Amino acid sequence: MTLTSTHWGVYRTRTGADGVPVLTPFERDRRPSPIGLGMVEAAIGPARVRRPAIRKGWLKRGPASREGRGAEPFVELPWDEALDIVANILRETISKHGNSAIYGGSYGWSSAGRFHHAQGQIHRFLNTLGGYVAHRGSYSFGAGRVILSRVLGIEEGVFRDVSGWEGLDGTCRLFVAFGGLPAKNAQVNSGGVGDHDAADWIERLARNGTKFVNMSPLRGDLSAANVEWLPLRPGSDAAIMLALAYEIVAVGKHDRDFLARYCEGADRYLAYVTGQSDGVPKTTEWASTLSGLPATRIRALAAEMVSTRTMVTLSWSLQRAHHGEQPYWAAVGLASVLGQIGLPGGGIGFGYAAINGIGHRLTGFKGPTLPQGKNAVADFIPVARIADMLLKPGGAYDYNGEHRRYPDIKLVYWAGGNAFHHHQDINRLIDAWRRPETTIVHEQFWTAHARHCDIVLPATVPLERDDIGGASDDSYLIAMKRAMRPVGEARDDYAIFADLAARLGVADAYTEGRDAAQWLRHLYDQARSANPELPGFDQFWAQDFVELPAPKSKRVFLGEFRADPVAAKLGTPSGKIELFSETVASFGYDDCPGHPVWREPDEWLGNATRFPLHLISNQPVTRLHSQYDPGGVSRASKIAGREPIAISPKDAAARGLANGDVVRVHNLRGAFLAGVRIDDGVRDGVVVVATGAWFDPVERGRIGSLDAHGNPNMVTADRPTSKLGQGCAAQTALVEVEKYEGALPEVRAFDPPEFTARD
Ligand SMILES: Nc1nc2c(c(=O)[nH]1)N[C@H]1C(S)=C(S)[C@@H](COP(=O)(O)OP(=O)(O)OC[C@H]3O[C@@H](n4cnc5c(=O)[nH]c(N)nc54)[C@H](O)[C@@H]3O)O[C@H]1N2
Ligand SMILES: Nc1nc2c(c(=O)[nH]1)N[C@H]1C(S)=C(S)[C@@H](COP(=O)(O)OP(=O)(O)OC[C@H]3O[C@@H](n4cnc5c(=O)[nH]c(N)nc54)[C@H](O)[C@@H]3O)O[C@H]1N2
Ligand SMILES: [Mo]
């Protein structure tokens, strides 16, 4: 039995009947995720891309046929011919328009595996051709990254730096979790997870006396022995944080010494909190009106927080919302008022349980990493601005202090992501996607993204290739071994790019003369030279995995800064925590001024009329995003074949809905069908549809078609968090839900497209 690794865990594989692998969980994993058990079925199923395919209209008429994207049948071609065509398009696009006409940002999680990582491969390939327009930031943490870099001087590093679970255990008395600590999300870890331990840590803390507050519209966002659920209105977190700070200041319990010694601009922040600067004291009554939580409870919570060792944490979802920068900044303000930042068990943290690795014991291990080369094109977009970019070539926008212009994209080349799952307002994306001349993707499956491309090249799944699994915030390095023959004519992304590189005269630069097996050994050896305790490659390969040694010390977020704010000053202009930022203020953004503020979201329960329900589109329990949606585990979760929508008993009764009903979820941007699940763990006024159901338009290729299957991005808004972060703001959306009385359209999401012969 050999191993394979996925973003949701490590599995043993053995060959079963007909050469089909059988997966069982890794013996070191205390809580294996069931997600993996649906993989094989999907990998050999009808939704696989089996041969290179080109949209019929594109073959005949080229870019003039753009309107046919998503509607027309495909023609399957031999590999050689398809690769000749792709090489020609690349050559022509570069010679006519330059490399800055290629969008290769190509966002997406791809698969686990350090070498066959589609994002790494496509970026390296396009770099050898002279570069491409890249993306910056992530859908996950777009606004958070930018605001925390301004306020704490830390970017993605904040993922690794937060206090470890071990140090919280026994020291943290009160854990106030905005957005909860959803165990469903800790199933996942980018790059892999050998042992799912986050849920155990939460239980351990509860046993050892930590009290948890689940500040979230969903009860299920935090389960432990000792939890209080405070079901606030979505989008009101910043108001509650400001009011908690107000209350602490009002009773004179704020940590004046901490604010003076470690913070810049505390006076301006406090003048806003007290209302001195804008005439609105941020009282608990004020926050109660906005959040729907009782003022008395907010006041009592403030008293508890200031009297005990308190950790304030925020899920990433909070910043995936309109003005998502504000709760992040306001939380830093609140934690500074409490003055426990940098102490064991207290302070602030971000993203606990969002992935298993947050708070995990860090090994400090780096690599193996495929070198990406250098991108000769400097232009980029904030990742979530893709539709804007395609709709407005040359259009101006602001981003983090810069005035920028969108590039004029002729060719979109994607590998390892699914924009027709991940992007907001899919109807707008369909329109935007018609603008470039050519769209190419390497895909494993006939996702909506693949269906909307002109050229689709079939890629292997990890079960079909050898690789090395590992993540910088996980404890295992895994020898991932091929467990089955590639389905159809699927090829590794690496092999596809290597053949294209040969056609384009850059084979040596791309491959450096190595095949995939030689690359694995090479990357491993490089990692080993930095980590001499690793066994040699052959031994590693023979023994299946290596457990990496963990450090003894317990990590405390900003502990060194607290110990010596001069020697360990932060990467901000002042070297301190910036509760007022001259830099941010100097940008003059109406939607992100120089200190944390309450700004009403464009859409929320505070201004809902025609569309009275707030839609939360969170991460799914049974999948990673859209991956393996056709597999049995995800399909078993569907209701009447559609994605479930969770709704409170009161809201269901008001609409005459029963469990199992199919409803139409809609607003002015679009509509989709979903299956009803009545759930008293959902706050009234809120409905929940997880992301990732494959978009399945009833009328293919038509903007505004009903989606039969339940992709929430039919109704989310393609609106940036603010000019500062330009992040994804998917959590800000109002909808109405009604029983669907018409004849139910069939779900065709997992059927391959229609294939046709070439004329
Ligand atoms: N409404 C709403 N939308 C959201 C979010 C939300 O909270 N609400 N969350 C956002 C977030 S945080 C994220 S990270 C994104 C996730 O968005 P994505 O990362 O784009 O989602 P995935 O489903 O993981 O897409 C990965 C795709 O890559 C393909 N793939 C996997 N391995 C390989 C490979 O080896 N080679 C190739 N060529 N292809 C491969 C898979 O088949 C799949 O189609 O979604 C975002 N969208
Ligand atoms: N099983 C599984 N796990 C995953 C993923 C997956 O696809 N599947 N995706 C991974 C990825 S890419 C990411 S980025 C992380 C994302 O991690 P998060 O962003 O933390 O995940 P979500 O599930 O979107 O949101 C967590 C919870 O926040 C709550 N919430 C939403 N809006 C608000 C609000 O305004 N206020 C408050 N207080 N709470 C709110 C919702 O109830 C939701 O369940 O998850 C990762 N983990
Ligand atoms: Mo994400």
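Keep in mind that the numbers below use all heavy atoms, side chains included, and drop hydrogens, waters and symmetry copies. Not measured: the values here are computed from a predicted model.
Between R30 and D195, at least one side-chain nitrogen of the basic residue sits less than 4.0 Å from a carboxylate oxygen of the acidic one, meeting the salt-bridge criterion. One finds a salt bridge joining D454 and R69 here, because a Lys/Arg side-chain nitrogen approaches an Asp/Glu carboxylate oxygen to under 4.0 Å. Between R623 and E643 a salt bridge is recorded (basic side-chain N to carboxylate O distance below 4.0 Å). Taking a cutoff of 4.0 Å between a charged side-chain nitrogen and a carboxylate oxygen, D492 and R482 do not qualify as a salt bridge. Classification of R700 and E72 as a salt-bridged pair fails, no side-chain N sitting under 4.0 Å from a carboxylate O.
In this structure, the side chain of R50 does not engage the main chain of P458 through any donor-acceptor pair within 3.5 Å. The closest donor-acceptor contact from the side chain of E547 to the backbone of Y476 lies at 3.5 Å or more, if one exists at all. H422 contributes a side-chain N or O that, together with a main-chain N or O of N418, makes up a donor-acceptor pair within less than 3.5 Å. Remark: side-chain polar atoms of E754 are not paired, donor with acceptor, to backbone N or O of P752 under 3.5 angstrom. Of the possible polar contacts, one joining the D696 side chain to the R748 backbone as a donor-acceptor pair under 3.5 Å is found. Although no hydrogens or angles enter the test, the distance criterion places no donor-acceptor pair under 3.5 Å between the side chain of S216 and the main chain of G179. Under a 3.5 Å cut-off, the side chain of K184 and the backbone N or O of Q619 do form a donor-acceptor pair. Side chain of D679 to main chain of A646: no donor-acceptor pair is present (N/O by atom type, distance under 3.5 Å, no hydrogens or angles). Under a 3.5 Å cut-off, the side chain of H423 and the backbone N or O of A419 do not form any donor-acceptor pair. Remark: the backbone N or O of I703 is not paired with any side-chain donor or acceptor of N427 at under 3.5 angstrom.
Defined by atom type and a distance below 3.5 Å, a donor-acceptor pair is missing between the side-chain atoms of H116 and D467. With hydrogens and angles left out, the side-chain atoms of H196 and N356 include no donor and acceptor closer than 3.5 Å. Between the side chains of T716 and N713, at least one donor N or O lies within less than 3.5 Å of an accepting N or O.
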Worked verdict on V193 versus V188 for side chain to side chain contact (heavy atoms under 4.5 Å, CB included): CA-CA 7 Å; V193 46; V188 157; over 6 Å; no

Criterion side-chain hydrogen bond (donor to acceptor under 3.5 Å, both in side chains) on R124 and Y510, from CA distance to verdict: CA-CA 7 Å; R124 177 179 167 86; Y510 180 67; 5.6 Å; no

Worked check of side chain to side chain contact (heavy atoms under 4.5 Å, CB included) between V40 and V20: CA-CA 8 Å; V40 175; V20 174; 3.3 Å; yes

Verdict with reasoning, T691 to S617, per side-chain hydrogen bond (donor to acceptor under 3.5 Å, both in side chains): CA-CA 6 Å; T691 61; S617 49; over 6 Å; no

Derivation and outcome, salt bridge (Lys or Arg N to Asp or Glu O under 4.0 Å), residues K481 and D544: CA-CA 9 Å; K481 291 186 188 151; D544 289 341; 3.0 Å; yes

Intermediate values then yes/no, ring-ring contact (aromatic ring centres under 6.0 Å, His included), Y352 and W201: CA-CA 11 Å; Y352 286 97; W201 278 116; over 10 Å; no

Salt bridge (Lys or Arg N to Asp or Glu O under 4.0 Å) evaluation trace for R635 with D629: CA-CA 7 Å; R635 279 171 102 143; D629 194 27; over 6 Å; no

Salt bridge (Lys or Arg N to Asp or Glu O under 4.0 Å) between E76 and R55, intermediate numbers included: CA-CA 9 Å; E76 293 184 319; R55 186 170 54 77; over 6 Å; no

Intermediate values then yes/no, side chain to side chain contact (heavy atoms under 4.5 Å, CB included), V676 and I645: CA-CA 5 Å; V676 170; I645 181 168; 4.3 Å; yes

Audit row: H449, W414, ring-ring contact (aromatic ring centres under 6.0 Å, His included) steps and yes/no: CA-CA 9 Å; H449 189 118; W414 217 284; 4.9 Å; yes

Chi angles and distances behind the side-chain hydrogen bond (donor to acceptor under 3.5 Å, both in side chains) call for S475, H360: CA-CA 9 Å; S475 304; H360 186 78; 2.8 Å; yes

Audit row: Y139, Y107, ring-ring contact (aromatic ring centres under 6.0 Å, His included) steps and yes/no: CA-CA 9 Å; Y139 277 75; Y107 181 80; 5.0 Å; yes

Derivation of the ring-ring contact (aromatic ring centres under 6.0 Å, His included) call for F497 and H442: CA-CA 10 Å; F497 286 130; H442 299 186; 4.5 Å; yes

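Shortest non-hydrogen contact noted between V747 and G641 is CG2-O, 3.7 Å. The nearest pair of heavy atoms linking H123 to G104 is NE2-O, 3.1 Å. The nearest pair of heavy atoms linking Y628 to A42 is CD2-CB, 3.6 Å. Considering every non-hydrogen atom in both G191 and S5, the closest pair reads O-OG, 4.3 Å. The nearest pair of heavy atoms linking Y524 to I468 is CB-CD1, 3.9 Å. Nearest approach of S626 to W694, heavy atoms of both residues: O-NE1, 2.7 Å.
With respect to F672, the side-chain contact (heavy atoms from CB on, under 4.5 Å) criterion is satisfied by exactly one of V698, I426, V715: V715. Partner F26 forms a ring-ring contact (aromatic ring centres under 6.0 Å, His included) with one of W8, F545, Y11 and no other, that one being F545.
Applying the side chain to side chain donor-acceptor pair (under 3.5 Å) rule to pairs touching residues 15-24 yields nothing, sequence neighbours excluded.
For the atom pair CG of D493 and CD1 of I122, the computed distance is 8.5 Å after rounding to the nearest 0.5 Å. Atom-to-atom distance recorded for H117:NE2 and S110:OG is 4.0 Å, nearest 0.5 angstrom. The OH atom of Y494 lies 7.0 Å from the CD atom of Q121; values are rounded to the nearest 0.5 Å. Of the inter-residue distances, the one linking L624 atom CG with S634 atom OG reads 11.0 Å to the nearest 0.5 angstrom.
Residue-environment remark: CZ (R485) stays at or below the threshold of 12 foreign heavy atoms within 6.0 Å.
In summary, the aromatic rings of F350 and F159 are positioned with their centroids too far apart to meet the 6.0 Å limit. The six-membered or imidazole ring of H135 lies away from that of Y103, with a centre-to-centre distance of 6.0 Å or more.
Applying the ring-ring contact (aromatic ring centres under 6.0 Å, His included) test to H709 and every residue at least two apart in sequence or in another chain returns F750. Applying the salt bridge (charged side-chain N to carboxylate O under 4.0 Å, His left out) rule to R385 yields the partners D388, D718; only residues at least two apart in sequence or on another chain are considered.
Relative to the six-membered ring of W446, R48 misses at least one condition, a distance below 6.0 Å or an angle of at most 45° to the axis.
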